[in-house]
Amino acid sequence: MHLQLSREINSVRSVKESEDTQQQIIRETFHLVSKRDENVCNFLEGGLLIGGSDNKLIYRHYATLYFVFCVDSSESELGILDLIQVFVETLDKCFENVCELDLIFHVDKVHNILAEMVMGGMVLETNMNEIVTQIDAQNKLEKSEAGLAGAPARAVSAVKNMNLPEIPRNINIGDISIKVPNLPTFK
Amino acid sequence: MALKMVKGSIDRMFDKNLQDLVRGIRNHKEDEAKYISQCIDEIKQELKQDNIAVKANAVCKLTYLQMLGYDISWAAFNIIEVMSASKFTFKRIGYLAASQCFHEGTDVIMLTTNQIRKDLSSPNQYDTGVALTGLSCFVTPDLARDLANDIMTLMSHTKPYIRKKAVLIMYKVFLKYPESLRPAFPRLKEKLEDPDPGVQSAAVNVICELARRNPKNYLSLAPLFFKLMTSSTNNWVLIKIIKLFGALTPLEPRLGKKLIEPLTNLIHSTSAMSLLYECVNTVICVFFFSQLCVQKLRILIEDSDQNLKYLGLLAMSKILKTHPKSVQSHKDLILQCLDDKDESIRLRALDLLYGMVSKKNLMEIVKKLMIHVDKAEGTTYRDELLTKIIDICSQSNYQYITNFEWYISILVELTRLEGTRHGCERIILSKTNQTLEAMLRPKVTTLPGHIQAVYVQNMVKLYASILQQKEQAGEKEAAQEITQLMIERLPQFVQSADLEVQERASCILQLIKYIQKLQAKEVPVAEEVIALFAGELNPVAPKAQKKVPVPEGLDLDAWINEPPSDSESEDEKPKTIFHEEEQRHSRHRQPEIDEEELARRREARKQEQANNPFYIKSSPSPQKRYQDTPGVEHIPVVQIDLSVPLKVPGMPMSDQYVKLEEERRHKQKLEKDKKKKKQKKEKRGKHHRHNSLHTESEEDIAPAHHVDIITEEMPENALPSDEDDKDPNDPYKALDIDLDKPLADSEKLPVQRHRNVETLKSPDSEVPLVEKKSKKPKKKEKKHKDKERDKGKKKEKEKKVVEEEEDEVKKVILQDLHYFSSCCYLLLSSFCCLGTVTYDIQGNLQHDSQVTVSVIFENKSTSFLKSMELNVLDSLNTKMLRPEGSSVHDGIPVPFQLPPGISNEAQFVFTLQSIVMAQKLKGTLSFIVKDDEGSTHEKLDFKLHFSCASYLITTPCYSDAFAKLLESGDLHMSSIKVDGISISFQHLLAKICFHHHFSVVERVDSCASMYSRSIQGHHVCLLVKKGENSVSIDGKCNDSTLLSNLLDEMKETLSKC
């Protein structure tokens, strides 16, 4: 479950790497981070891999997810840990009780939320309420643009989602059994 | 039509969207690559559709695939299409994709300039926001140059959401286009006091980031930041500011005292651990250091929270740089951290150890580290350990090593470790046959090239000394044997891919072949071989090459020989002479050669070897036989058995050395006690050259052997320079710009219409004496600053005023014309071949009746110039501002003296009543010329020319405001027409901007409106129209005299075109 790493690393680095290098960085970072014990410190020195000794990895571990930031010495280590917390709480608010599948299926939304916090590798906003307000306003704008034309698309995606066991949020079958009885009312 | 669209969208409705794609990939775990290539085909189809929604959906999916590692640069053009969609939903998708996959090499990126500019000025704040976010990820120097002005406008946008993004992205713009820093800086500084906390935070962020690289340029902002620190409640901002002060204080120690109080307040009041830590960190490292603080850190390190422990060690390492002694007393704690289960903490502790070693504890620490090497699991950590051991030992040119035999034994132990990268580097002192053989093992070829190069060189040194031993002992057989061994093994280095190794090896091989011939004739050669190394070859300093000035007439970029055509160079292989040995020991062996082929080649090679005089067919050396075994190619180089320890006779293992050393020290102590007069111990062990560097104090330990500790050598004509530490490629170096200096008119952001920068700059070439502004000498700036700070707050205030001035430059050449440097300051006068005086007039925004004249005095003679005094004959309108109490006839002394070859700058303020007319002032400069023969008093007359244009300040204006201004009706109008204009319109506008301080408001074809403002607030509007061969200029201004004078000056400029 290391897909999320991509954006963090990508946005903090000023120099863009080729896709291969990006993947290598992500893989090795994941490898480094995932083998660490639960009660060790949240800082890691990745060395040359992440661009020199001035840079370090700061991560937080939530259930199956790792949120990894790569920062240089101008950032405060504990500050970044707080920032990750803000990020996760914001995700939680925007997705209403976030779970890992939300992040997998809505990578674009995750990116948009992150873009309100970190811009071009620099911290833009740390106030969660401000971020959520902006995201909500953008969602509203998006909905108004979709208008009528968007409605059928949304219906289709609802139908598509219904058929599969892998709906975001709860994977348990109980959820689906609730949705299925709803179908006959359409007929 | 509408129906068709609906039908189209229903068709497309069942296209895969992002969620379907993700789901699909998850369901095709086994054949993921195949599934994705299918999806990419579908996406390509979708991108061909006209419907923008379909395209956006496709791009959205591509962004996801990019994240998985697929190259999507082929769709760059489609991404731009989606970026330019009118709907925000699609625009956002486009910009996201662009931010993920665009980079400086993306060629279509230049197509985005206009689109981005349009989005930046969009009425919808989210369009602007998304464009800024995207741009921050892929801004290129071109984009930065073209858009800097637009972004700067956005910094004053009404919406704080846009302001904060615009402020933040300016940092990226500065990095890519450093020229924008100075024009944008005043506005950036304004934003530090923005009412919105988000904008404020962004501004602090940008300035802190800039100041971190070049702190000295930002010292003047200290009072502002001080105010922010005491007023802000945002922890992010506070942390940044405190970190910034950490960087500023070393440059201005008095800041420290002021900061103590607010910092202590913060420490007591904050609940945020992060802020607390940063405060403590800054306090201990910079302001008032005490043992107490280190004790506090110790508590932090002993804390059970691993994060705090890590940070404690990190802070400790900062103290180490300034106060190594106080950290050394906590050695126990740090060594304890080496046993921590957390690798990050262990690495931190290792870093600390590096600074803690002394002659006394080196052996002990290294011994401890060796234990860790044995225990270490991960290869990264072990490599790190090895590097650190060697670094620790070799730091400051082996300063701490007292016993080199011990060090070598450590190195030998290290080389035994499999996969070591460093171990073998420095075995240069041991002199045994076995070492030579060990060095010749093929395993060496797995080492990196630079090590091999050192290796080869040392091998010959060893060879030489062995040869001498043998010859002296009369063992001719043995000597010849060793020569043979060399000849057998050297070719493996000749084949090396590393050029350096190749070159050294082939030289040596030839040399040894020659020696062999001589040996065959029983000629003693050892003496001569030894003589090869008799001269001392000190290490050459790494920067030596750089420091040698390029001799005149030598063009390093020129080809020595014309480059061969491509086809030739491809075929060329550097080691064709040795082609017969190509397969042997080669690391680049192709793995998939079948058995038959191998056998055939082996036969062929045997044949070749039989015919090759350089192959000795039978050899007494056991290694030789091993090498000739037919299956040698099947033995991978790394598999060579290394478990047999490399025994170096006469070399005890390192542990024994520690004991020996202890005994030795004990003995030394006893002896010292006995004979107190005797300062130094007799030399023990082998004879090495003595070095006077070892003047020991009582606490120092006498080294077991005296070894030359050599400083790096520089070529004779190396140039001294301070620029050494700076990496020329460092992007931040370009941002080392003096921000306190007032802006010059040439320093403005390119305006939308002026895409062509070359034309803007071209006045340089056309009018050689009126050049672009160059940097003022920094020294002088600093001097000024210091002086002003000394004079207290009152002066501080004044200085601020100076900072905010806008430049006004007008140049006049009065006397001698032989001033040819690229300085933009105009020649005022040149005093009888003794020197030059140049000046520059700057309007002062704050005082509507003052201009500042900066005069640079340059002494070009060999005499000393002093007691310079400048005096001007005041007119009714224009007066020089003299100190209180002095009469109008007194001159103002120039506050410096000029040694030969030195230039310096002084500023004089003039007051004006009316600015509508150009002014000329007569003046004199008196000075004393002092040389060996005595001193003479000299006088020099000059004229200062204040043109009307020099009262104008380039002020940007926007078309709506411009239109309102024209409509207002209270402007006077006048016009001129100039014929015979041949230069392009673009060039023409650039000239007006440059010489007359106007900015372009709008340009349509060959017609442009321009605007400027005088220091007394007159608006000046121009409408410039270009005909076939003529230009007509209509001007409007509050004051008709000013306007007509300005137009006259313009006419003069244009008629020169």
Side-chain angles (χ1 to χ4, degrees), chain A residues 3 6-7 10-11 14-16 18-20 22-23 26 36-37 39-45 47 56 73-74 76-79 81-83 104-108 111-112 115-116 119-127 130 134 137-138 141-142 145-146 149 152-153 156-157 160-161 164 166 168, chain B residues 9-10 13-14 17-20 22-23 26 60 63-64 66-71 87-89 92-93 96 100 103 124 126 132-133 136-137 139 161 164-165 168-169 171-172 175 198 201-202 205 208-209 212 235-236 239 243 272-274 277-278 306-307 309-311 341-342 344-345 347 380:
Chain A
L3 298 179
S6 152
R7 173 65 180 206
N10 198 353
S11 58
S14 56
V15 182
K16 273 230 175 78
S18 74
E19 274 74 15
D20 285 344
Q22 270 180 22
Q23 288 304 304
I26 294 169
R36 284 174 69 80
D37 290 338
N39 47 358
V40 294
C41 72
N42 300 64
F43 315 121
L44 250 181
E45 279 153 62
K56 56 167 80 83
S73 63
S74 70
S76 148
E77 289 86 354
L78 293 173
L81 283 180
D82 289 347
L83 184 73
I104 296 173
F105 283 100
H106 300 280
V107 189
D108 49 343
H111 277 187
N112 294 336
E116 292 300 321
M119 190 177 114
M122 298 172 81
V123 178
L124 175 71
E125 183 60 67
T126 50
N127 181 342
E130 170 70 18
Q134 301 298 350
Q138 289 177 30
L141 179 64
E142 199 175 346
E145 279 180 349
V156 168
S157 88
K160 278 181 188 166
N161 283 348
L164 287 149
E166 268 195 327
Chain B
S9 69
I10 288 178
M13 210 180 285
F14 287 90
N17 63 12
L18 177 62
Q19 279 74 36
D20 300 326
V22 177
R23 197 177 291 122
R26 284 166 72 88
C60 186
T63 314
Y64 182 78
Q66 193 275 343
M67 228 175 74
L68 296 184
Y70 290 85
D71 177 33
K87 280 186 181 173
F88 168 73
T89 319
R92 182 160 74 171
I93 292 171
L96 177 62
Q100 291 290 91
H103 50 86
N124 179 354
Y126 292 110
L132 284 172
T133 308
S136 72
C137 292
V139 61
Y161 179 74
K164 76 179 176 196
K165 287 195 169 194
L168 205 58
I169 202 180
Y171 178 66
K172 293 278 175 170
L175 277 185
S201 157
N205 211 337
C208 288
E209 201 64 36
R212 191 164 72 97
N235 283 347
W236 264 97
I239 288 176
K243 280 195 160 232
M273 198 60 205
S274 46
Y277 169 73
E278 291 305 333
Q306 295 278 317
N307 284 343
K309 183 177 264 187
Y310 176 89
L311 292 174
K341 62 179 188 302
D342 189 342
S344 296
I345 287 176
L347 286 174
T380 7

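- Atom CG of A:Leu124 and atom OH of B:Tyr161 lie 7.5 Å apart (nearest 0.5 Å).
- Between A:Cys41 and B:Asp342, the closest heavy-atom pair is N-OD2, 2.8 Å.
- For the salt bridge (charged side-chain N to carboxylate O under 4.0 Å, His left out) test, residues two or more places apart in sequence or in another chain that qualify with B:Lys164 are A:Glu125, A:Glu130.
- The greatest number of non-hydrogen atom pairs below 4.5 Å with chain A, out of B:Ile239, B:Thr89, B:Asn307, B:Ile169, is found for B:Asn307.
- With rounding to the nearest 0.5 Å, the separation of CG in A:Asp37 from CD in B:Gln306 is 9.5 Å.
- Taking both residues in full, the closest heavy atoms of B:Arg212 and A:Ser74 are given as NE-CB, 3.0 Å, listed atom of the first, atom of the second, then distance.
- Contact of B:Lys165 with chain A is made through backbone and side chain together, with heavy-atom distances under 4.5 Å.
- Your options are B:Leu168, B:Val22, B:Ile345, and the one with the most heavy-atom pairs under 4.5 Å with chain A is B:Leu168.
- Shortest non-hydrogen contact noted between B:Ser274 and A:Ser76 is CB-OG, 4.1 Å.
- When the candidates B:Leu311, B:Leu18, B:Thr63 are compared by the number of heavy-atom contacts under 4.5 Å with chain A, B:Leu311 comes out ahead.
- Contact annotation for B:Asn124: only side-chain heavy atoms (C-beta onward) come within less than 4.5 Å of a heavy atom of chain A.
- In terms of heavy atoms, A:Met119 sits closest to B:Leu132 at CE-O, 4.1 Å.
- Using a 4.5 Å cut-off between heavy atoms, B:Phe88 touches chain A through backbone and side chain atoms alike.
- A pairwise comparison of heavy atoms in B:Lys87 and A:Glu145 identifies NZ-O, 3.3 Å as the closest pair.
- When heavy atoms are compared at a cutoff of 4.5 Å, B:Ile93 does not approach chain A at all.
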